[in-house]
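Comments concern the structure below.
To find a chain, count down the sequence lines: A is the first, B the second, and so on, and within it residues start at 1. All values reported here derive from a predicted model rather than from experimental measurement.
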Amino acid sequence: MAQFQSLPGFREFYPEAFARRNHIFRLWRQTANTFGFQEYDAPVLEPLELYKTKSGDEIEAQLFSFTDKGGREVALRPEMTPTVCRLVGAKANALKRPIKWFSIAEFYRYERAQKGRERAFFQFNADIFGEPGPEAEIELIGLLVQCIRSFGLTAQDFYVRLSDRNLWFYYLEALGFTEAQTRGILGAIDKYEKMGDDAFNAYTETHGALAPESKDKILAFLGVKSLAALEQILASIGGEKLAARLLDWRKLLGGLEAMGLADFVEVDFGVVRGLAYYTGFVFEAFDRKGELRAIAGGGRYNDLVAKLGGPDLPAVGFAIGDVTMGLLLEQRGLMPAFVQTTDVYAVIGGEAERAAAFGDIFALRAGGYRVEYPLKDAAFGKQFKAAAESGAKLALIYGTEELAKGVVKIRDLSDRSEHEVPRDQVFAAVRDFFSGGAE
RNA sequence: GCGGCCAUAGCUCAGUUGGUUAGAGCACAAGAUUGUGAUUCUUGGGGUCGCGGGUUCGAAUCCCGUUGGCCGCCCCA
């Protein structure tokens, strides 16, 4: 039994797990590139104040934070948003628009690990800066869907729930609620799906019980599942702000429909998302069976760049976590079995032949072929077994008899046919085999 | 931070009312087989039974604590 264990919630990636991780990263990165997003990275360790400024002092309880040797209060990053706001904010005027950035990075949160939630995890983050209209949301939600769909998941496997904090504010304002009351109600809405009426307990304690007719109207808005229902419920309120917002909604849903994504998105005002820095559209992706945590989440945060010291810059972004994504792929049988195959296996007779083989092995590797050989002398039978297990298509046989004749024997491991080639033509023979076999 | 369940080889597990030196399959390695493959056979390495304490003549087994894991609550940027 190992004396040391990894810290709780931190994952170790043995080669098989690492291959799965790479598979996820590869498709995310490839998809983001096709959407024209540019990749960036930033420090893992940041000033603690960056997160306190963004999220409030309470956030420290959820962070891996400590004082460094220089007396600085620091924290391992729990998310990318504040960092990318700083990066973009610092050079906002010099960056070509639209600013479409993405990253794949590891994050750390000091929380109790559970299914789908670890203390260290990876996220794909994508953000668009400088675009205030719903065109940015269309582009981002399109990217979000494609980042999940590219693994083979369909509209039967997942969907994106779309909501809007602005409309909630307009609606509750029209019902006569103060801003503080509105925040309390949004907190209850966030929990309503899971807890039912008990979700309003915290609101009742602070602001007193809701009038029954107010509660009915809130629950009615929560039940809105389409643009038509939305327009109907808001018809009685009116006002320019509201009309403009409905126009944004039409544009957003129209754009997503035109991309062919109508089956992947649903209007659902039950999504408001926890902390209060979101300023407009918010959205979350879930598995259709509802068995897992959210796969991804995001929204618009127009005030954050300025709050963190940059210029006024509208922004919208989302993040996909690797843990839930991986669980979903496993569940649906979409995680391929990864085998690292070898192209060529060198079978080596003994010490003298080893020296001869090394020259060809090195040259083939430099030429881009994956070449394996036994590190220590072994019986030929063992070596052929190892060659078969390695997945190699060719074996090069460096035996005493062959070298005496100035040849190397080449064995096609799939049909066990063999032929000899002069030693100085080994590279060309291997190259011919693989270029011919690729046709 | 709170509660429930769990912990024996790298993995999956067995281990009788507490009783000799804790087992099996898989995996890994060596040999049978010193120049030609997936089978087969033989053998081997690997465990302070998560850790610490207690009860007992004797603890993997019973009791307490602790650490870790899974699940739920709080939280979820």
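Contacts of A:R11 classified as salt bridge (charged side-chain N to carboxylate O under 4.0 Å, His left out), with partners at least two apart in sequence or in another chain: A:D322. Remark: A:R21 pairs with no residue by the side chain to side chain donor-acceptor pair (under 3.5 Å) rule, at least two apart or across chains. Among residues two or more places apart in sequence or in another chain, the salt bridge (charged side-chain N to carboxylate O under 4.0 Å, His left out) test is passed with A:D248 by A:R245. With sequence neighbours excluded, no residue forms a side chain to side chain donor-acceptor pair (under 3.5 Å) with A:S214.
Between B:C51 and B:G69, the two C1' atoms lie 15 Å apart (nearest whole Å).
Here A:F384 packs flat against the base of B:U36; its ring centre is closer than 5.5 angstrom to the base's six-membered ring, tilted by less than 30 degrees.
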Give me, pair by pair, the N or O atoms of the protein and of nucleotides 2-7 of chain B that are less than 3.5 Å apart, along with how far apart they are.
none

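For residues 376-396 of chain A, every residue pair satisfying the side chain to side chain donor-acceptor pair (under 3.5 Å) rule, not counting sequence neighbours, is listed here: A:R354-A:D377.
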Contacts table for residues 343-350 of chain A: side-chain donor-acceptor under 3.5 angstrom, sequence neighbours left out:
{"from": "A:D343", "atom 1": "OD2", "to": "A:R370", "atom 2": "N", "distance (Å)": "2.9"}

Output side-chain donor-acceptor pairs under 3.5 Å for residues 194-201 of chain A, partner residues at least two apart or in another chain, one line each.
{"from": "A:D197", "atom 1": "OD1", "to": "A:K215", "atom 2": "NZ", "distance (Å)": "3.3"}
{"from": "A:N201", "atom 1": "ND2", "to": "A:D198", "atom 2": "O", "distance (Å)": "3.3"}

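Annotation: proximity of residues 347-355 of chain A to RNA chain B (heavy atom, distance under 4.0 Å) is found for no residue. In the region residues 287-312 of chain A, proximity to RNA chain B at under 4.0 angstrom, judged on heavy atoms, holds for A:R293. Contact check of residues 6-19 of chain A against RNA chain B (heavy atom, cut-off under 4.0 Å) returns A:P8, A:G9.
Aromatic pair A:H23/A:F151: centroids less than 6.0 angstrom apart.
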Bracket string, RNA chain B, 5' to 3' - pairs by Watson-Crick or G-U geometry under 3.5 Å, | interstrand: (((((((..((((.....[...)))).(((((.......))))).....(((((..]....))))))))))))....
